[in-house]
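Below you'll find the structure, written out as structure tokens, and then a few comments.
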Amino acid sequence: MDLVLLCVFLPLVTVAWGQYGDYYYGPYNYGDNDEWVNVYRQGFNFQCPHGQVIVAIRSVFNKKEGSDRLWNYACMPAAQSLGEPTECWWEEINRAGTEWYQTCSNNGLVAGFQSQYFPSVLDREWQFYCCRYSRRCPYSCWLTTEYPGHYGEDMDMMMYTYDYYIRGATTTFSAVDRDRQWKFIVCRMTEYDCPFQNV
């Protein structure tokens, strides 16, 4: 009986290992549980190591601390088929207290965040750090559900699907709750150079 099970499952494991290789999208290592990239009401700058992209975002909300959030991010290497990033840059600033929609220009992928807190509006302005991989193009893009599910809740967004990348986000801001909900723009990337670029 054990030999039969081995003969059935061994080919399945071999195929799965060949497809995904060393890319395991399991629980992400954010560092220690108490390790955040910012403190309340302070700015921060987070960039993934060269060749890596954001794959998970965690945040906790505290109304008593100026309706601000603590943030943490996890990075993973981009698929080997994309190669090395050919250039990286900071996108334009998205102002505090407003709703906004932004994708990385030039077909870039999100590899970091920069944010500054503004006590006058009890909100943050945001910038994406983006990296372009050769002339790869996005396709099969979609928006995630809202993170957090309701204003004032903790959020924990993880990319569970291999070969999908965060390209940007759209956010709403509640003037009552002084909090923001995010929907992340997630895409696959071609494995070949394409002749066009989005701006």
N/O donor-acceptor pair under 3.5 Å between D179 side chain and G152 backbone: yes
Please name the residue in the list L109, I166, V110 that meets the side chain to side chain contact (heavy atoms under 4.5 Å, CB included) test with V53. L109
From the options Q127, Q47, E125, select the one residue that forms a side chain to side chain donor-acceptor pair (under 3.5 Å) with Q114. Q127
Any donor-acceptor pair under 3.5 Å linking the side-chain atoms of N106 with those of E87? yes
Taking the six-membered ring for Trp, are Y73 and F113 ring centroids under 6.0 Å apart? yes
Are S140 and R188 linked by a side-chain donor-acceptor pair shorter than 3.5 Å? no
Is the F46 to W126 ring centre distance short of 6.0 Å? no
Using a 6.0 Å cut-off, check whether atom CD of E191 has over 12 heavy atoms from anything other than its own residue. no
Ionic contact status for D123 with R178, cut-off 4.0 Å: no
Would you say the SG of C104 sits less than 2.5 Å from the SG of C130? yes
Are any non-hydrogen side-chain atoms of C187 and Y139 less than 4.5 angstrom apart? no
Ring center gap for F184 and W182 short of 6.0 angstrom: yes
Distance-only side-chain donor-acceptor flag, E91 / S105, under 3.5 Å: yes
Audit row: T103, R167, side chain to side chain donor-acceptor pair (under 3.5 Å) steps and yes/no: CA-CA 5 Å; T103 57; R167 292 218 46 247; 4.6 Å; no
Taking D177 for its side chain and Y151 for its backbone only, find out whether a donor-acceptor pair lies under 3.5 Å. no
Do the side chains of N62 and D68 get nearer than 4.5 Å, heavy atoms only? no
If the test is side chain to side chain contact (heavy atoms under 4.5 Å, CB included), which one of T171, T145, T172 qualifies with Q181? T172
Kindly confirm or rule out a cation-pi arrangement of R58 over W36, judged by NZ or CZ under 6.0 Å from the six-membered ring centre and within 45° of its axis? yes
Take T190 and R136, measure what side chain to side chain donor-acceptor pair (under 3.5 Å) needs, and give me the verdict at the end. CA-CA 5 Å; T190 59; R136 303 295 194 248; 5.2 Å; no
Quick check: is F173 connected to V60 through a chain of hydrophobic side chains (ILVMFWY, heavy atoms under 4.5 Å apart)? no
